[in-house]
Q: 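Structure in structure tokens, see below.
All chains are named by letter (A, B, ...) in the order of the sequence lines, taking the proteins before the strands, and each is independently numbered beginning at 1. Since we're looking at a predicted model, the values are computed, not measured.
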2 protein chains.
Amino acid sequence: MPRNKRDIDAQLKRDHIVAQATRLWLAHGFDDTSMAAIAREAGISPNTIYWYFAGKDDLLVAAMDRITPELAQGYVLSGLPTALERLTWLITQLKTYNPLVQAIHARLAHSEVVRVWHERYHQALERLLTAHLLKQGVPPERAPLMATVGTFVFEGLLSHPHTQAQQHAILAWMAEGR
Amino acid sequence: MPRNKRDIDAQLKRDHIVAQATRLWLAHGFDDTSMAAIAREAGISPNTIYWYFAGKDDLLVAAMDRITPELAQGYVLSGLPTALERLTWLITQLKTYNPLVQAIHARLAHSEVVRVWHERYHQALERLLTAHLLKQGVPPERAPLMATVGTFVFEGLLSHPHTQAQQHAILAWMAEGR
DNA sequence: ACCTGAACACCGTTCAAGT
DNA sequence: ACCTGAACACCGTTCAAGT
């Protein structure tokens, strides 16, 4: 994307800001990490962030855009054999990023960029699940519905406390594709 | 609960504050309705709210505590014959209160009172679904799991946009108890 | 017991000015 | 093009003082 040295530097700095924001958000939560704190950590003045990002929500989306390809790659590379193992791997990873996932949902009502990002994310997850369900032998007219249900259950697991046993039972139920 | 005239007046005023807060939150959202705005509408000064409530989160919980018994009563009184109709009724009602439901989830990470309330709410909903599933003939060892899944799907429906047809298909799937 | 005016500490964001 | 110091408008909450 960057075309010359200048653009590369700008890209690097942008990425540095995103990295610091992500680190602080994961450590202290989205709401409890101010733009001032992010700027301090990145070694710039607070308003400089606004040169690179339209606002805190845009910074959040940039953070997610950095994480998700990594996750997708890891998902493929993991090469786990069973559906249950793959689902468990995915939810374990997503839990790592839970403060950001939470923030995405909390900002949904207030921010258009977040809304757009979330929409895309859901579609990607549903595509993944639909493909899996079809391979599992679920009838094609039923698969999309069950994929939507699957994403809801997945989100429920992410946002609610539960025991390891409960998680296992629910993921096993999902893997079954029933 | 109130023991004398003085307590009754205090109770009425408390309720008046909750009513105004609920009205404004439903109209403009939780975050976009300041304590000052609620006080203005209730005809008191902002800090007077803090005489009756520990904070904005406590006011939110009080609002939910006012709504849920009404909902539970309406659920029973509706006397709808089929599970699908009852689920549809329930989600239609809950959608009416969506700004408050959203706020509950958004405040989960920040407020202990909200966390406690949410926990109770989930347990109540799961009990409702478990009872329904058992009546539907679902094996007892499977019912609690499916009830948890059901609440996740229910919450997913509440917090994500979808067509009427999608909602119907998902609720029908839930009513089936599969 | 109940209520208030004024202030506090903080927030995301913007402005005017610099290089 | 990039960065900053200072300010803005606002927020939930608290304090000191009243009745």
Q: Rounded to whole angstroms, how far apart are CG on A/D9 and P on D/dC2?
A: 9 Å
Q: Residues two or more places apart in sequence or in another chain: which of them pass salt bridge (Lys or Arg N to Asp or Glu O under 4.0 Å) with B/D15?
A: B/R66
Q: Answer yes if the side chains of B/Q93 and B/T96 hold a donor-acceptor pair under 3.5 Å, and no otherwise.
A: no
Q: Below 4.0 angstrom from OP1 or OP2 of D/dT4, is there any side-chain N or O of A/T48?
A: yes
Q: Output one letter per nucleotide in nucleotides 7-19 of chain C: B when a protein non-hydrogen atom lies under 4.0 Å from the base, S when only the sugar-phosphate is that close, - when neither is.
A: ----SSBBB----
Q: Could you tell me whether the side chains of A/E126 and A/T148 share a donor-acceptor contact shorter than 3.5 Å?
A: yes
Q: What stems involve DNA chain D, if each pair must be Watson-Crick or G-U and both of its distances must be under 3.5 Å, with 3 or more such pairs in a row?
A: C:4-8 with D:12-16, C:12-16 with D:4-8
Q: May I ask you to check whether A/E155 and A/H105 show a side-chain donor-acceptor distance below 3.5 Å?
A: yes
Q: Nearest to the A/A10 side chain among C/dA1, D/dC2, D/dT4, which nucleotide is it?
A: D/dC2
Q: In whole angstrom, what separates A/I17's CD1 from D/dC2's P?
A: 11 Å
Q: Distance check needed: D/dC2 P versus A/I49 CD1, whole Å only.
A: 16 Å
Q: Starting from C1' on C/dT4, measure out to CZ on B/R40 and report it in whole angstrom.
A: 16 Å
Q: What's the gap between D/dC11 and C/dC8 when it is taken at their C1' atoms, as a whole Å value?
A: 12 Å
Q: In chain order, what residues pass the side chain to side chain donor-acceptor pair (under 3.5 Å) check against B/R127, with sequence neighbours excluded?
A: none
Q: May I ask you to verify if any side-chain N or O of B/W51 is less than 4.0 angstrom from the OP1 or OP2 atom of C/dC3?
A: no
Q: A/N98: which residues meet the side chain to side chain donor-acceptor pair (under 3.5 Å) condition with it, sequence neighbours left out?
A: none
Q: Decide whether A/W117 and A/D65 meet the rule of one side-chain donor and one side-chain acceptor closer than 3.5 Å.
A: yes
Q: Would you indicate, yes or no, if D/dC3 has its OP1 or OP2 atom less than 4.0 angstrom from a side-chain nitrogen or oxygen of A/K13?
A: yes
Q: Name the nucleic acid region contacted by B/Y52, choosing base, sugar-phosphate or nothing; use a 4.0 angstrom heavy-atom cut-off, strictly under.
A: sugar-phosphate
Q: Quick check: closest heavy atoms across B/A143 and B/L133, and the distance to 0.1 Å?
A: O-CD1, 3.6 Å
Q: Pick the C1' atom in D/dC2 and in C/dA17, then give their distance to the nearest Å.
A: 13 Å
Q: Who pairs with B/S78 by side chain to side chain donor-acceptor pair (under 3.5 Å), at least two apart in sequence or on another chain?
A: none
